[in-house]
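All remarks here apply to the structure that follows.
Everything quoted here is computed from the prediction, not taken from an experiment. Residue numbers count from 1 along this sequence.
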Amino acid sequence: MQSEKNTLRHWQLGLAGLLCLMVLWWLGIRLFGEATGLSARFSPQATFVSLWNLLGSSDLYGHVLVSLKRIMVGLFLALLIGVPLGLLIGSSRSLEAATTPAFQFLRMISPLSWMPVVVMLMGVGDRPIYFLLTFAAVWPILLNTVAGVKQLDPRWLQLSRSLSASRWETLCKVIVPGVLGHVLTGVRLSIGILWIVLVPCEMLGVSAGLGYFILDTRDRLAYSELMALVLLIGVLGFMLDALARGLHRRWAH
């Protein structure tokens with residue numbers, strides 16, 4: 001009973017925070033814009049009307065699906081690279097010492113700064129987008145996997161050796177379950193980074209995706225639709241983060 005009350009209070013506080021955000025949005029337009037000027041197109045009223053109209057358009061769902069597909073491909077490639085490399089580095093102090101400076105250096109370079117280089121090497125299309133998304137997402141997964149390996153209880157490994165477990169059995173039964181919580185934390189962080197990097201990446205000469213759609217609304221001077229897309233991007237990002245949090249609660253233990 002007490003937990004249900006705490007959950008209800010949590011939801012109420014969250015909704016109150018969102019309501020305050022909407023009020024600040026409305027006040028910002030009223031105080032710093034003109035009621036009949038260009039700023040009126042960015043108002044909550046115009047935005048929600050445009051959002052309602054967009055939700056009835058099949059074009060929107062095509063752009064959303066393309067963006068989600070790119071997120072999933074980028075996340076899959078980051079997991080494919082980050083988890084095995086993290087397991088390898090975490091199990092060797094020498095390898096960790098040799099790679100940490102280089103990885104920290106690369107991690108601090110904004111993925112968007114690679115855009116001109118990647119376009120010149122790969123051209124326009126999906127390939128440079130996948131590269132940039134993978135580059136952005138791999139570091140949280142890699143570093144969290146390394147941290148998970150280093151925090152494994154040595155007694156688990158001793159027990160597996162005492163039971164004559166093979167390396168593959170130790171990996172599948174001890175190491176992977178032991179680092180899963182850290183990997184899922186890295187996945188959640190990566191999803192947040194991916195969602196931020198995705199929109200500017202989709203301005204690299206592609207013809208579909210939410211980033212392309214934003215440029216299209218700007219070129220058509222449909223500013224209320226642009227704000228509706230910004231709002232939709234926030235909602236979709238919130239839902240992806242909620243999914244990642246749910247996976248973490250379900251599997252981290």
Side-chain angles (χ1 to χ4, degrees), residues 14 18 21 47-48 50-83 110-115 118-119 122-142 144-145 180 182-220 222 224-252:
L18 290 175
L21 185 62
T47 299
F48 283 112
S50 295
L51 180 61
W52 179 258
N53 293 332
L54 282 175
L55 292 176
S57 170
S58 59
D59 291 341
L60 173 66
Y61 298 102
H63 291 295
V64 170
L65 289 176
V66 168
S67 292
L68 291 178
K69 184 195 78 170
R70 288 170 178 154
I71 289 288
M72 293 299 107
V73 171
L75 184 62
F76 172 75
L77 292 175
L79 284 167
L80 199 61
I81 297 170
V83 173
S110 169
L112 300 180
S113 64
W114 293 102
M115 288 172 65
V118 174
V119 169
M122 298 183 178
V124 295
D126 282 342
R127 286 199 302 169
I129 294 177
Y130 291 148
F131 173 85
L132 293 171
L133 293 179
T134 303
F135 183 87
V138 72
W139 307 115
I141 294 173
L142 171 63
N144 275 278
T145 303
L180 185 58
H182 288 80
V183 173
L184 290 175
T185 299
V187 167
R188 183 185 176 188
L189 295 173
S190 295
I191 288 175
I193 296 172
L194 282 171
W195 199 243
I196 293 172
V197 173
L198 174 69
V199 172
C201 285
E202 288 185 329
M203 299 177 182
L204 291 175
V206 296
S207 58
L210 292 172
Y212 165 81
F213 203 3
I214 284 182
L215 287 181
D216 180 62
T217 56
R218 182 204 63 183
D219 295 340
R220 292 187 287 108
S224 59
E225 285 188 25
L226 191 153
M227 281 301 299
L229 281 175
V230 171
L231 190 64
L232 181 63
I233 288 171
V235 171
L236 290 173
F238 181 86
M239 292 172 63
L240 286 173
D241 183 70
L243 176 61
R245 281 186 282 119
L247 290 174
H248 188 276
R249 284 195 300 267
R250 174 66 178 83
W251 295 105

Heavy-atom pair with the smallest gap, counting every atom of [X] and [Y]:
| X | Y | value |
| --- | --- | --- |
| Gly209 | Glu202 | C-OE1, 3.4 Å |
| Pro200 | Met115 | O-CE, 3.6 Å |
| Ala137 | Ser190 | O-OG, 2.7 Å |
| Thr145 | Ile141 | OG1-O, 2.6 Å |

Which is it for Val183 and Leu79 under the side chain to side chain contact (heavy atoms under 4.5 Å, CB included) test, yes or no, and what are the steps along the way?
-> CA-CA 9 Å; Val183 173; Leu79 284 167; 4.2 Å; yes
Between the main-chain N or O of Leu55 and the side-chain N or O of Tyr61, is there a donor-acceptor pair closer than 3.5 Å?
->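 Looks like yes, one N/O pair under 3.5 Å.
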Donor-acceptor pair, Thr217 side chain versus Ile214 backbone, under 3.5 Å?
->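 Side chain of Thr217 to backbone of Ile214, a donor-acceptor pair under 3.5 Å: yes, one is there.
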Evaluate side chain to side chain contact (heavy atoms under 4.5 Å, CB included) for Leu112 paired with Cys201, printing each intermediate quantity in order.
-> CA-CA 8 Å; Leu112 300 180; Cys201 285; 4.2 Å; yes
Which value, rounded to the nearest 0.5 Å, describes the distance between [X] atom [atom1] and [Y] atom [atom2]?
| X | Y | atom1 | atom2 | answer |
| --- | --- | --- | --- | --- |
| Arg245 | Leu184 | CZ | CG | 14.0 Å |
| Lys69 | Ile129 | NZ | CD1 | 9.5 Å |
| Arg220 | Leu226 | CZ | CG | 9.5 Å |
| Trp139 | Asn144 | CH2 | CG | 13.5 Å |
| Leu194 | Leu189 | CG | CG | 11.0 Å |
| Glu225 | Asn53 | CD | CG | 8.0 Å |

A side-chain contact here means heavy atoms from C-beta on lying under 4.5 Å apart; do [X] and [Y] qualify?
| X | Y | result |
| --- | --- | --- |
| Val64 | Leu210 | yes |
| Val235 | Phe238 | no |
| Leu132 | Val118 | yes |

Take Leu198 and Ile233 through the test side chain to side chain contact (heavy atoms under 4.5 Å, CB included) and record every step on the way to the result.
-> CA-CA 10 Å; Leu198 174 69; Ile233 288 171; over 6 Å; no
Of all residues at least two apart in sequence or in a different chain, which pass the ring-ring contact (aromatic ring centres under 6.0 Å, His included) check with His182?
-> none
Check the angle between the aromatic planes of Phe135 and Phe131 and answer parallel, tilted or perpendicular using the 30° and 60° thresholds.
->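 It falls in the parallel class, under 30°.
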By salt bridge (Lys or Arg N to Asp or Glu O under 4.0 Å) - contacts of Asp59 (at least two apart) | none
Do Ile71 and Ile191 pass the side chain to side chain contact (heavy atoms under 4.5 Å, CB included) test, and can you show the C-alpha distance, the side-chain angles, and the key distance before you say yes or no?
-> CA-CA 8 Å; Ile71 289 288; Ile191 288 175; 5.5 Å; no
More than 12 heavy atoms of other residues, nucleotides or ligands under 6.0 Å from CZ of Arg127: is that the case?
-> no
